[in-house]
Amino acid sequence: MLTWRPVALLAVLAVTLPLWPSPVLGVACSIAAVLALSIVDMVAAAPVSRVRLSRTGDTRVRLSESATVRLHVHNEATRPLRATVRDAWVPSAGAARPVRRVSLPAGGRATITMTLTPTRRGDRPARRVTVRSYGPLRFGYRQATARAAAAMTPGWTLRVLPRFSARRYLPEKLARLRVLDGTVAIRGRGQGTEFDALREYVPGDDVRSIDWRGTARSAEVLVRTWRPERDRRVLCVLDTGRTAAARIGDEPRLDAALDACLLLAAVASRGGDQVDLLAADTEVRAAVRGAGAATLLPRFADALAPLTPALVETDFELVTGEVLRTERKRSLVVLFTELAPGALVEGLLPVLPMLTDRHTVLLAATHDDTLDRLTERSGEIAEAYAAAAAERALAERHRIADALRRNGVVVVDAAAAEFASTVTDVYLDLKAAGRL
């Protein structure tokens, strides 16, 4: 193929046409000379079939952070390589400066460093790499893409993990968890607690906590202390149906649920509980079971990264069946969904008794904090109508939440800004009350 340079050369040669005995002869000779020069230049270009491409770099990055991916170019031809390399990614990968120039001697190597700042989570693949090899005069070039040339292997996928902005609450929640352990140990035995240690009796202790065998071996009266029972089971269930696609601020409702799920999993694992994950709508989209404390967050983040809402009605019978099949022991089932009348009344309520009979169910829903702000506005007629609509929407949510509570469900309905923190606080309250 030809570049713009032969055309520019023809324009320059057009100035010399008056010097030729015949203008037609001058045009013909000029075109023939430029065409021959372009063909020779194209033949002199390094063959792209002898260019080898490979990649190294990051394969995972959190949303809003930057990753570095390196493209290695190896010229195996016997001629120098003068090329333009275009490394094309999907637009949401946020590739900076995708077109680079490369000049390599025969057998030379070069590395092109690409900085990616993704704007969406999930898998962000590299689409293709195009190598355009020029001749010495840059009149002609050879070109091939990575998809068309078998010699090139630039395939790469960058997995963008959830942002996990709620991790700023983690120190506060872990501090509360440590206080909770000590507080419940003083209160005494109850449901959801286990034996912790023996200590000396002090006035005011429940005499039923006295350990008579330990007292017989000691000179002091000893009482038993208790702590929240560990190794309880927590199952995070994510509704990935159509209600998860609604926008809250700049993100889908599903993203707020992912943030809350990660914070809850981090705190629960530190509290000695086993945390599992299930994401489903009309089919199971992701599942993580039996993860240890050290690998829990990485496995959760990796499983949650590619999740996207499906524009279908969630099959709560399928969800309930999966929960009952996988969780044989009593567990805390945290269902991240929306307080939508149709989806819950027609889908969840008929199968809810099967869940509440065997497990403690916590339904976590979030709403746009714009609703709360609209209810506080008044003055003009337009603002009054908006405030009335917001009040009606919140009242509908409260009505559904009350119906769920009457069926034995713990309900959390919080604005997106404090949603993750509120869900984790309710988990800690349930743990302190021995209801896990």
Side-chain angles (χ1 to χ4, degrees), residues 53-72 85-100 111-129 154-174 236 238 240 244-245 247-270 275 277 279 285-286 288 291-309 336 366 416-421 423-424:
L53 301 176
S54 60
R55 289 191 190 271
T56 58
D58 299 329
T59 57
R60 282 170 174 75
V61 66
R62 287 202 179 276
L63 186 63
S64 75
E65 297 179 359
S66 296
T68 301
V69 178
R70 290 171 289 275
L71 178 65
H72 304 286
V85 180
R86 182 176 183 270
D87 192 1
W89 292 71
V90 293
S92 57
R97 295 179 57 209
V99 180
R100 308 288 180 88
T111 299
I112 299 174
T113 302
M114 182 72 67
T115 301
L116 305 173
T117 307
T119 57
R120 292 177 57 190
R121 60 177 174 78
D123 291 335
R124 308 270 75 86
R127 288 300 186 189
R128 60 178 64 87
V129 176
W156 197 266
T157 298
L158 179 69
R159 172 153 289 189
V160 185
L161 305 177
R163 185 181 285 110
F164 193 21
S165 56
R167 65 178 176 270
R168 65 183 184 274
Y169 298 115
L170 195 54
E172 171 202 342
K173 306 307 176 186
L174 294 180
C236 297
L238 287 167
T240 57
R247 306 290 294 186
I248 297 183
D250 295 331
E251 295 179 334
R253 178 179 283 114
L254 179 61
D255 285 33
L258 299 187
D259 218 31
C261 178
L262 289 173
L263 180 63
L264 175 61
V267 174
S269 64
R270 296 288 185 88
V275 188
L277 171 69
R285 305 291 180 179
V288 176
T295 62
L296 180 69
L297 279 184
R299 287 186 60 183
F300 265 46
D302 194 61
L304 295 175
L307 285 182
T308 56
F336 293 93
T366 182
E418 62 266 9
F419 179 59
S421 178
V423 172
T424 306

Are the side chains of [X] and [Y] in touch, meaning some heavy atoms are under 4.5 Å apart?
X      : Y      : answer
Phe300 : Cys261 : yes
Leu263 : Leu170 : yes
Pro306 : Arg285 : no
Arg97  : Thr115 : no
Asp87  : Arg100 : no
Arg253 : Thr366 : yes

Which residue in the set Thr56, Asp58, Ile112 passes side chain to side chain contact (heavy atoms under 4.5 Å, CB included) when paired with Arg70?
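So the option named by the test is Thr56.
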Scan Asp123, Val61, Val90 and name whichever one has a side chain to side chain contact (heavy atoms under 4.5 Å, CB included) with Leu158.
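Going through the options one by one, the only one that passes is Val61.
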Minimum heavy-atom distance [X]-[Y], with the two atoms named:
X      : Y      : value
Leu297 : Leu262 : CD2-O, 3.7 Å
Ser269 : Leu296 : CB-CD2, 3.4 Å
Asp259 : Ala166 : OD2-N, 3.0 Å
Arg62  : Pro162 : NH1-O, 2.9 Å
Arg55  : Trp156 : CD-CB, 3.2 Å
Met114 : Ala95  : SD-CB, 4.0 Å

With no hydrogens and no angle check, is any side-chain donor or acceptor of Arg86 less than 3.5 Å from a backbone partner on Arg128?
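No; judged by distance alone, with no hydrogens or angles, the pair does not exist.
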Give, for atom [atom1] of [X] and atom [atom2] of [Y], the distance between the pair rounded to the nearest 0.5 Å.
X      : Y      : atom1 : atom2 : result
Thr424 : Phe419 : OG1   : CZ    : 9.5 Å
Leu258 : Leu277 : CG    : CG    : 9.0 Å
Arg247 : Asp255 : CZ    : CG    : 8.0 Å
Lys173 : Arg168 : NZ    : CZ    : 10.5 Å
Leu116 : Trp89  : CG    : CH2   : 5.0 Å
Leu71  : Thr113 : CG    : OG1   : 9.5 Å

Partner set under side chain to side chain donor-acceptor pair (under 3.5 Å) for Thr111, not counting sequence neighbours
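In terms of side chain to side chain donor-acceptor pair (under 3.5 Å), with neighbours along the sequence ignored, Thr111 is linked to His72.
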Assess whether side chain to side chain contact (heavy atoms under 4.5 Å, CB included) is satisfied between Val85 and Leu53, documenting all intermediate values.
CA-CA 11 Å; Val85 180; Leu53 301 176; 5.6 Å; no
Can you confirm whether more than 12 heavy atoms, excluding those of Arg167, are under 6.0 Å from its CZ atom?
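It does: Arg167 CZ has more than 12 such atoms within range.
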Pairs flagged by salt bridge (Lys or Arg N to Asp or Glu O under 4.0 Å) wherever residues 297-309 is involved - sequence neighbours left out:
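For residues 297-309, and leaving out neighbouring residues, the salt bridge (Lys or Arg N to Asp or Glu O under 4.0 Å) pairs sorted by first residue read Arg60-Asp302, Arg159-Asp302.
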For the residue pair Ser92 / Thr119, report whether a side-chain donor-acceptor contact shorter than 3.5 Å exists.
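Ser92 and Thr119 do not have a side-chain donor-acceptor pair below 3.5 Å.
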